[in-house]
S.K.: 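Let me begin by handing over the structure; questions about it come next.
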Number of protein chains: 2
Amino acid sequence: MNQQASYWIGALNTPRSCLNCQLGHLCLPGQSTFEQLARIEVAARQQITYNSKATIFSQWSPFTSFFIVKSGSVKTVHVNRRGDEKVLGFYLPSEMFGLEGVVNGTYGCTATAMERSTICRLNFEKLQELSCRLPSMQQWLLKSFSRELNNVERMTRWLSYSTAEERVVGFLLDISNRHRKRHLIENQFRLGMARTDIANYLGLALETVSRILTRLQKENAIRICGRHVELLDIELLRNRVSGENLQQMAAGTFDSASGQPHQSFVQIG
Amino acid sequence: MNQQASYWIGALNTPRSCLNCQLGHLCLPGQSTFEQLARIEVAARQQITYNSKATIFSQWSPFTSFFIVKSGSVKTVHVNRRGDEKVLGFYLPSEMFGLEGVVNGTYGCTATAMERSTICRLNFEKLQELSCRLPSMQQWLLKSFSRELNNVERMTRWLSYSTAEERVVGFLLDISNRHRKRHLIENQFRLGMARTDIANYLGLALETVSRILTRLQKENAIRICGRHVELLDIELLRNRVSGENLQQMAAGTFDSASGQPHQSFVQIG
DNA sequence: CGTCTCGTTGAACTAGTTCAAGTACCGTGG
DNA sequence: CCACGGTACTTGAACTAGTTCAACGAGACG
């Protein structure tokens, strides 16, 4: 084994390394070689743990990095001139946020941890430098943007032609899908956010959300107890939202793995 | 003058060249040198004229290029599984569309010319190759994506907390702003699209759009005659949409010039 | 000339909001 | 341990913005 390779292996041989991450590299470029991975880690990545309600970045503050949730959950909120707050998205492990900051050099929203959460911070400038040398990295960056663009557009369409019930059901199914993608139980989960946040996110009054949830429970489609949700009849739920492709509804949805299967790391040495 | 330089000048010395474009390079990277510009043109750019209602690209068809409107106007439409059509955006000269296609390798919507329009087609693969050698080009590509992301997010927020009147007024002011950016008369223009399209785009019933337009006319805020619009009292209109930053509301809005002033081309020879 | 698309206007209806009251829960401090 | 205050959530009743249905007018096109 040459010296170069052993250097990279050293860099990757830590408990916090991407190589040992429980997310199984859902978030990084699909065809990452061992060396590329190490370069990203050494040059650009930083791991930080935030307490519940801690701010990860603030709207208008200078853009430096984008972020990937490692554990916990995050919400992003935009405040407009009138002072109205709008919840833009919820982010679960493996999902990426903060991309909108590149163009203006400032973040377009405020990101807050919804519970104690560990976040990977990826320095954009350094990643960009790397991508000049690694074409697959450049490809990955552009694809990440395009994917997020698709997600937001899907969300826009969704909001524009769905009823209150479709929105709430769609929201539940979306969260469920995102749990499944991480190989977690898909029909039973805890919502990290308050009803107000869900309502705000879906463009509804919080009373409407509450009413719809209790109605769904009466129809035995779901069981809901505070923030704990159980989807009892997923087929019934799916039939309520026939219009749009629900597989990945929400703006928050980010999953590099979708589309192309992940390739294992290239063997070296 | 050396041979190299005269080659590039040759490439740019045509009536269809970016150098002679009436848009004044609103669409291309801000700090383009003469040589960069020529490389883009020779390698990646193609100019095509479409008749009214002609399809520029179709949803699901393979992604190859993105597009910039040179003259005329374009709408993008998404069709979901139920068959519902949703108008995603309207694009005026200098504005870019088709970016969402990168991630899946297929276009996410169908783009149609709303009138006889000339469109610049930029081959994505070739542009990507170029950007490996030209860092400013890579920067430009990423920024273009981020900008579009911002625009779509802004649209989503806009749709989620505005009333029907705010949407219609916001729409008119947005179109007006986009005309101003091209140094055209800002308070008098022709809408290229039907009421149905506006309504669909804004998530309203077409009757609602029609009613609001006539109401605004009765209040002497606008004068409307078919598709010809005159904004009589822009201040009054602005006061109706106090909440969101209106400067660049719509998803369709794309303007590379905003933010950083354009630099003139680098002198050579 | 009829036919077709596009736009306007009126009247009835309804999904979802707003206002208001009440309940359940949770941590804090006595 | 309970009392306290605050937040999160539910439920009811009144209201309204916007939709839906339906009729009609005006211009465009063969």
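FYI, side chains are in, hydrogens and waters are out, and symmetry mates aren't considered; it's all heavy atoms of this structure. By convention in this document, chain letters (A, B, ...) are assigned in the order of the sequence lines, proteins followed by strands, and residues within each chain are numbered from 1.
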S.K.: Parallel, tilted or perpendicular for A/F171 and A/F90, by the 30°/60° rule?
M.R.: perpendicular

S.K.: Side-chain donor-acceptor pair under 3.5 Å between B/R147 and B/N150, yes or no?
M.R.: no

S.K.: Can you check the B/I198 CD1 to C/dG7 P distance for me, whole Å?
M.R.: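 Whole-Å distance recorded here is 8 Å.
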
S.K.: Classify every nucleotide of nucleotides 19-26 of chain D by which part a protein heavy atom approaches to under 4.0 Å, writing B for the base, S for the sugar-phosphate alone and - for neither, in 5'-to-3' order.
M.R.: BBBB----

S.K.: In terms of the nearest nucleotide of DNA chain C, which residue is placed more toward the 5' end: B/M193 or A/S162?
M.R.: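 It is B/M193 whose nearest nucleotide is closer to the 5' end.
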
S.K.: Relative to the ring of B/F97, is the ring of B/F67 parallel (under 30°), tilted (30 to 60°) or perpendicular (over 60°)?
M.R.: parallel

S.K.: In whole angstrom, give the distance that lies between atom CG of A/L213 and atom P of C/dA24.
M.R.: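 Rounding to the nearest Å, CG of A/L213 and P of C/dA24 are 18 Å apart.
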
S.K.: A/H228 NE2 to C/dC25 C1': how many Å, rounded?
M.R.: 17 Å

S.K.: Under 4.0 Å between a side-chain N/O of A/R195 and OP1 or OP2 of D/dA8, yes or no?
M.R.: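 Looking at the OP1 and OP2 atoms of D/dA8, neither is under 4.0 Å from any side-chain N or O of A/R195.
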
S.K.: With distance as the sole criterion, is a donor-acceptor pair present between the side chains of A/T55 and A/T112 under 3.5 Å?
M.R.: no

S.K.: Without decimals, in angstroms, what is the distance between A/L191 CG and D/dA8 P?
M.R.: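 For the pair A/L191 CG and D/dA8 P, the rounded distance is 15 Å.
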
S.K.: In whole angstroms, how far is the P atom of C/dA15 from the CG atom of A/L202?
M.R.: 19 Å

S.K.: Between the side chains of A/E115 and A/S52, does any donor sit under 3.5 Å from an acceptor?
M.R.: no

S.K.: Side-chain donor-acceptor pair under 3.5 Å between B/T64 and B/R121, yes or no?
M.R.: yes

S.K.: Between B/R178 and B/S94, do the side chains contain an N or O donor and an N or O acceptor separated by less than 3.5 Å?
M.R.: no

S.K.: Under 4.0 angstrom, heavy atoms only, what part of the nucleic acid is B/R227 near: base, sugar-phosphate, or nothing?
M.R.: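 Here B/R227 touches the backbone only, sparing every base.
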
S.K.: Distance check: side-chain N/O of A/S210 vs OP1/OP2 of D/dT11, anything under 4.0 Å?
M.R.: no

S.K.: Taking five pairs at each end of the helix from C/dC1-D/dG30 to C/dG30-D/dC1, what angle separates the two helix axes (nearest 10°)?
M.R.: 30°

S.K.: Between B/E219 and B/L216 (side chain of the first, backbone of the second, donor and acceptor by atom type, cut-off under 3.5 Å), is there such a pair?
M.R.: no

S.K.: Among all residues two or more places apart in sequence or in another chain, which pass the salt bridge (charged side-chain N to carboxylate O under 4.0 Å, His left out) test with B/E230?
M.R.: B/R223

S.K.: May I have the distance from A/I212 (atom CD1) to D/dT11 (atom C1'), rounded to whole angstrom?
M.R.: 14 Å

S.K.: Between atom CG in A/L216 and atom P in D/dT10, what is the gap in whole Å?
M.R.: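 That distance rounds to 12 Å.
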
S.K.: Just how far, in rounded Å, is C1' of D/dG18 from CG of B/L159?
M.R.: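 Checked: the CG to C1' distance equals 15 Å.
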
